[in-house]
Every structure is written in structure tokens, then in C-alpha cells.
Q: 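I am attaching a structure below and will ask some questions about it afterwards.
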Amino acid sequence: MLSTSLRTGRAGALRASNAGEHVTLGGWVHRSRNLGGIVFLDLRDLDGIVQVSFGTDWASAECIAAAAAVGVESVVVITGAVVPRSENTRNAEMGTGDVEVQGVSLTVVGPAVTPVIPVARGRGEKLAAEELRLRHRYLDLRRADLQANLVLRHKLLQESRRYLSERGFLELETPILTKPTPEGARDYLVPSRVHPGEFYALPQSPQIYKQLFMICGFDRYFQIARCFRDEDLRADRQPEFTQIDIEGSFVTQDDILALAEGLISSIWRVAGVEIPASFPRMTYADAMERFGCDRPDLRYGLEIVDYTPAFRDVAFNITTSVIESGGRVRGIIVPGGAAWSRKQVDEVESLAKAAGAGGLMRLRRLDGKLDGPMAKFLEGNPAFADLVEGSLMLFVAGADRISHPALDRVRQECAKRLELVRDGDRQFVIVTDFPMFDRDPSTGTLAAVHHPFTAPHAADVAAFPDKPEAWRALAYDVVLNGTELGGGSIRTSDPALQSRMFELLGIGDQEEQERRFGFLLEALRAGAPPHGGIAFGFDRIVMLLAGAPSLRDVIAFPKTTAARAMFENAPTHVPAADIADLHIRLKEQP
RNA sequence: GGGGGCGUAGCUCAGCUUGGUUAGAGCACUGGACUGUCACUCCAGAGGUCGCGGGUUCGAGACCCGUCGCUCCCUCCA
């Protein structure tokens, strides 16, 4: 019901078919043009802008004077007739450009002071500084592109709900005041007034609760869940964010991934983009070997190749010592890279070094010959015979732990320099079989790569019972163009195995387990179905589909990189008495 | 915790390299003219703690030190 007691409809929706109607419109004065005898107001609402004209032939002198006096961004209610514009006054750039409203009355219902940041902008005019846009969010959110982002957000939310609900998933809510989790990101803590010295935490994700739902028999759950993490911010990271959180029982990895593909493609369809109904799969091991990264950008090649065998018998100090100590020599071929200057390659090398590599070895084919510091050792080596004229090879020698991230960085940089990414290209991929554990190189302790509730491949546990770092997890990520959209896993539903997991993670003590995860272990012992799920970063999806450069452009009231809300001015000091009620003493009085 | 960038009129910026008269421009704003504009046009006007504090200097928007805010990145984000 866009028509209300105070208006007949939205101004921006008027079209040629509305000609002849008498309308009452409410909206914001976007701009005005006073030509003396005739006054034009551009009236804006959520649907767009329509021109309202006040001329002596149809409007009273008082009405024209009122139109001339009203300031931009004031809220007005006008009445008038929708009339077709004459041939020479049509405006093809406006949705409403075939008509205008000949205003016969105007009431200023919400007078506005001059806006501190402009809402209407001229062509090519820059946005105000983001700090000001956030401080005056009530003005910034009047802009058509931010409004469009939030409208898109709404549509994607509704589509997610529709898709999941139609498949029997129940939207169930979980607590915001919950239990602190020692693993993972830093928690936002909430002090308890009733229980001195005790704290709630805001959830980093509803992980444990959704598993509890499965144990209860709600075999299909989803939630558009707000999650909180007290870590440093980025353009694509906010302290509170929204996940599409999904869990199902009696499912395998393939069931969850098929659901994920369907959900993602229906979300993309609502945004006007048709994508394949299923995505290619790639194992973690394969992704690391070929791209040095667990979320590869498949919009371009530049795959990493292992040249260790070719270097095995080459008397070149660096490669020889690396190979002897168990490392490898891997690299990528950069077509046309032979034309890059020494300085340009040095710039790429500095990125590799920043990622941990000792350096970047170069080899190129110029005038038919191999060229570079290693050329004399490699000329005639069959591994380099088909290096084509004008190509450049960049190698990193070292342990995989070093060369993976370095080559990943080099590959991305080369793709950027070669402009290999075509506009609008989308390459989805599902990465599977993540390792279960990661061994901290300094402390030697195991850490869960995904989270401690993830189930390992049963075959790996059987084959390497005492070598948990060889276990693969039933964990998976959905990746688009090198960005992780979401990830999940099949969970451990066997309490004994879950207990073993905690032991491996150094939480061996029975009491410690009970204290930290007791409620989950106890529930698992009460009879748990096999279950698993996935969660998608919803804000990031909206950002991608809106083409927005920052998460802040798809969240109505975001935080700055210092986790401050500019508009509401939060966080803030509170009265000492309120703090005392929480049994907290501040180190220093502000 | 670390590194880079930015901070001058309500907004967007120039001025800083090489210190020197009264700190400029466009937009917005105010007043005036104008009956078909749509970034209306034209005339006139007002508008400044050069983020803040300290230092160097005869003299600082500019140079130095510190600090605050915003932003991008690293650390971090099971």
C-alpha cells in the first residue's frame, strides 16, 4: 500500500501512463530552479525523482512563492496534475522524464536546515568524506545509490528466507547474550549485574546452538544471524555482521553443498545475475598446490608449477640447498613478462618478500635464448624447452609454508599487471578437504583449521590414528573470485570422537572440557544425529552484488575502522553508578 | 601492537616541493534579476581556530616533534 491517508503514491514511480491523474505526493526537495515566473522543484522519494512545476497558469501566487522559498531537503506535500511533457522538455535521464506534476498546492511538512553534506550531487562531483557521511548518516542514506543498496539487501534477505523456508528449514533464533568462547576471535563481553564478576559474551556465531537444535530434532534450521567479533576492522570486516546460518541433520557434505549452490544461485538471480547451478570442486591440497591459496581466484590462470625435478641436478646454490632441506622450487609463467623492466619485476619481488619469500628467481626467453642469472644452468634443460618467446618465469624456492603465500601474492600481482580479469567475470569454486589441524610452528601445538566441532574423514582417522595432522576435515568453503563467501563442515556427532578432538587441541582435561564445552558434550551424549551445515557472510554477498567498495555501503549504520559508531557516538562513557552496578572498577576515570 | 595516506570555508579541493603583502577556486548558502528549466542562467554578498598542542624562525597553512580523528594495509579475524 504505497498510497496512504497523506499521499496517493510515490513520486518517483510516475510514468506517462499516469498522465491526467491528480496526485498528492510527499517527498524531499532534491533541487529547485526558480526562473522568476515559474518554479521547478525536483521531488524525491524512495522510487526516484519527479519534477513539479509551479507556473502562473495553474498555481496561485502564494503557492509559487512558497515553492520558491522552500529549501532543499525539506519535506513537502504537494498536490497537482500529472501532465505529459512537451517533446522539447522531456528528460530521458529521469525515470519520470516523460511527465511532470503541475503543482497547485504545497505544504512544508518538514522544514530542513541547509544540509551539511550535499544529498544532490552534480555530475562528477565527489562524495563527502566518509567520516562526515557516517556522522550525518540521516543525510547520506537519502542518496539513491545507498538506498538502492539497502533495497537490494532486503530483496536478498527475503530470497534467502524464501529459498530455505520452502525447503523445510525453520528460522529459529538463538541468544545474543551467550557464553564466552575461548577459541577463535576476541569476544565482546557483557558484564552481569546479577552475578558479580561474571560475563556474557555476544555470539561470534550460533555454532553450538545450531548443533543443539539438531540434537533436539529440528532437523533443518536456518537463521539470519547477527554475529560479533572484537577484532580489527577492514573495508570488508565489521565488528557486527550478518550470516546466513544453516544446519541440517542426516546430511552429507554433498547435501549441504547442493543446498549452498542452490541458495547462492537463487540469491544471484534476484540480483539479476544468472550463474551456473553447480560450482566446480577443488580440494584444499589441489588449491594450495596450483594457486598457493585456499580461496583461489579462478578468473585467470598463471597456475603454479613444481619445477623441483628440473632443478634437482642443477648446480645452483640456492635451489640445491632448498631441495636438500626438503623444500621445492615452484613458479609461474608470465606471458609477455619478458618485456617487464628490472624495476617492475623488483616491485613484484618485494611483494613476494613481504609475504615471506627470500626472493624471486627470474628466467625469461628473449631472442630464442634463456635469459637471467640461472640461464646458463638451465639452457637445454627439457623442462624449460617450451617456455615461449617473451615469457617470464618467476620462481620461489623454499618450504611450502613460505612459497604458498609468496606465489599466491605474485600470481595475484601478475594478473593485475597483465589485466587478466575481465569485467563481470565470475568464477565460483568450492574448496573441500581442508586439513583438520594446523600445527603452530613455534609452539608445536595443534589448532583446528575450521573449528573443533568439525568431523574428520573417517578413513583418515583409521589410516593415521596417531598422526592427526594428516587428517582431512569434512569442511568446505564457497569461493567467488578469490573471496570466501561462506564455509561450513560436517560436525562430529560422536561424543567420544569430540572428546578426542578436544584432547588433540590440548583441552585434554575432563574438567576443562566440561567447563568450556560441557553443555555440547552432554547434549551429544544424549543422542545426536549426523549433522552439518554452512554459513554465508551476508554483508559481503550484498557488497559484491551491489558493486560497493566497502561493507559500510551495504550496512545502514556501520562502525568506523576504530569500531566507533559516528552517528550515535557509541561506545560512550556511562555514569559511574551504572558501572558500579556491574561490579566493575575502571582502571582510570575518564 | 606496527606501517602508509589524508585533515585548509558548510562540501570538494588548490596553495606546502623552494616559509614572506589581505589564504584562493567550484559547489552550497544569502540578497537581487529572470515564464520551460532539469548541474537553469546572470549580478552582488557573506563565509576561515589552515584538526589540536608545542617547537624552529624576524616571520609558519607550509619546516620539525607530539597528539587526535578518518582511511587502507600488516598483526588479528577457530
Side-chain angles (χ1 to χ4, degrees), chain A residues 30-43 49-59 64 68-69 71-73 83 85-94 96-97 100 102 113-136 139-140 181-187 204-205 207-208 227-239 241 351 354-356 405 409 434 436-438 440 446-454 473 475 484 487 489 501-502 505 507 516-517 535 537 549-550 552 559-564 566:
Chain A
H30 189 66
R31 246 196 271 272
S32 65
R33 293 172 293 281
N34 180 355
L35 275 64
I38 186 167
V39 175
F40 298 99
L41 296 185
D42 289 340
L43 188 68
I49 294 171
V50 73
Q51 172 167 277
V52 185
S53 58
F54 296 90
T56 49
D57 290 350
W58 58 90
I64 294 173
V72 294
E73 294 309 315
V83 299
R85 294 206 199 181
S86 64
E87 192 64 47
N88 59 327
T89 62
R90 286 202 188 118
N91 187 338
E93 290 175 22
M94 298 173 80
T96 61
E100 68 176 10
Q102 292 188 335
V113 295
T114 302
V116 294
I117 58 172
V119 176
R121 281 184 304 151
R123 276 190 276 275
E125 205 174 300
K126 283 190 181 176
L127 287 175
E130 188 159 29
E131 182 179 358
L132 294 165
R133 291 174 44 209
L134 292 172
R135 196 183 305 282
H136 306 286
L139 289 173
D140 203 34
T181 51
E183 274 71 35
R186 195 176 292 117
D187 283 323
Q204 294 182 31
S205 90
Q207 181 61 36
I208 291 178
C227 304
F228 306 84
R229 291 178 190 173
D230 188 5
E231 296 291 350
D232 288 350
L233 274 56
R234 287 282 188 290
D236 61 353
R237 207 191 295 162
Q238 282 275 308
F241 58 98
L351 293 169
R409 194 72 198 79
F434 280 76
M436 191 68 213
F437 299 106
D438 192 22
D440 187 315
L446 290 178
V449 168
H450 189 59
H451 58 57
F453 317 114
T454 298
E484 182 193 330
S489 65
M501 289 297 162
F502 288 139
L505 290 167
I507 318 170
R516 281 155 75 164
F517 304 104
S550 164
R552 294 183 292 269
K559 307 286 188 284
T560 68
T561 46
R564 186 169 282 286
M566 295 299 276

Q: Can you tell me if the side-chain N/O atoms of A:Thr561 get under 4.0 Å from OP1 or OP2 in B:rU71?
A: yes

Q: Which residues pass the side chain to side chain contact (heavy atoms under 4.5 Å, CB included) test with A:Arg409, sequence neighbours left out?
A: A:Leu351, A:Ala355, A:Gln412, A:Glu413

Q: Indicate, with a heavy-atom threshold strictly under 4.0 Å, whether A:Ala235 touches base, sugar-phosphate, or nothing.
A: sugar-phosphate

Q: Does a salt bridge link A:Arg237 with A:Asp232, judged by any charged N lying under 4.0 Å from a carboxylate O?
A: no

Q: Please check the phosphate of B:rC72 (OP1 and OP2 only) for any side-chain N or O of A:Arg552 closer than 4.0 Å.
A: yes

Q: For A:Arg90 and B:rC38, is the shortest distance between a side-chain N/O and OP1 or OP2 below 4.0 Å?
A: no

Q: So if I define the base as every atom that isn't primed, P, OP1 or OP2, how would nucleotides 2-13 of chain B read as a B/S/- string at a heavy-atom cutoff under 4.0 Å?
A: --------SSSS

Q: Scan A:Ser86 against the nucleic acid and name what it touches under 4.0 Å (heavy atoms): base, sugar-phosphate only, or nothing.
A: nothing

Q: Please determine, for B:rU17, whether a Watson-Crick or G-U wobble partner exists with both distances under 3.5 Å, and give it or none.
A: none

Q: State the pairing partner of B:rC70; accept Watson-Crick or G-U wobble contacts with both distances under 3.5 Å, and report none otherwise.
A: B:rG5

Q: For A:Val39, report the nucleic acid contact type (base, sugar-phosphate, nothing); a contact means any heavy atom under 4.0 Å.
A: nothing

Q: Look through every strand shown and name the nucleotide pairing with B:rC76 as Watson-Crick or G-U wobble, where both distances are under 3.5 Å.
A: none

Q: Specify the separation, in whole Å, of atom CD1 of A:Ile38 and atom C1' of B:rU41.
A: 15 Å

Q: B:rU71 C1' sits how many Å from A:Arg135 CZ, rounded?
A: 14 Å

Q: Would you mind pulling out the nucleotide paired to B:rA39, Watson-Crick or G-U wobble, both distances under 3.5 Å?
A: none

Q: In the strands shown, is B:rG45 matched to any nucleotide by a Watson-Crick or G-U wobble pair with both distances under 3.5 Å, and which?
A: B:rC29

Q: In terms of side-chain heavy atoms of A:Arg31, which of B:rC38, B:rG36, B:rC40 is nearest?
A: B:rC40

Q: In whole angstroms, how far is the P atom of B:rC77 from the CD atom of A:Gln204?
A: 10 Å

Q: Using the side chain to side chain contact (heavy atoms under 4.5 Å, CB included) definition, which of the options A:Leu233, A:Thr561, A:Thr560 pairs with A:Arg552?
A: A:Thr561

Q: How close do A:Met501 and A:Pro452 get, heavy atom to heavy atom, and via which atoms?
A: CB-O, 4.0 Å

Q: Which heavy atom of A:Ala68 sits nearest to which heavy atom of A:Asn34, and what is that distance?
A: CB-ND2, 3.7 Å

Q: Taking only side-chain nitrogens and oxygens of A:Arg33, does any of them come within less than 4.0 Å of OP1 or OP2 of B:rC40?
A: yes

Q: Please find the pair of heavy atoms, one from A:Pro549 and one from A:Ala235, that lie closest to each other, and give the distance.
A: O-CB, 4.4 Å

Q: Can you tell me if A:Arg133 uses its side chain to pair, donor with acceptor, with the backbone of A:Ala128 under 3.5 Å?
A: no

Q: Who does B:rC34 pair with, Watson-Crick or G-U, both distances under 3.5 Å?
A: none

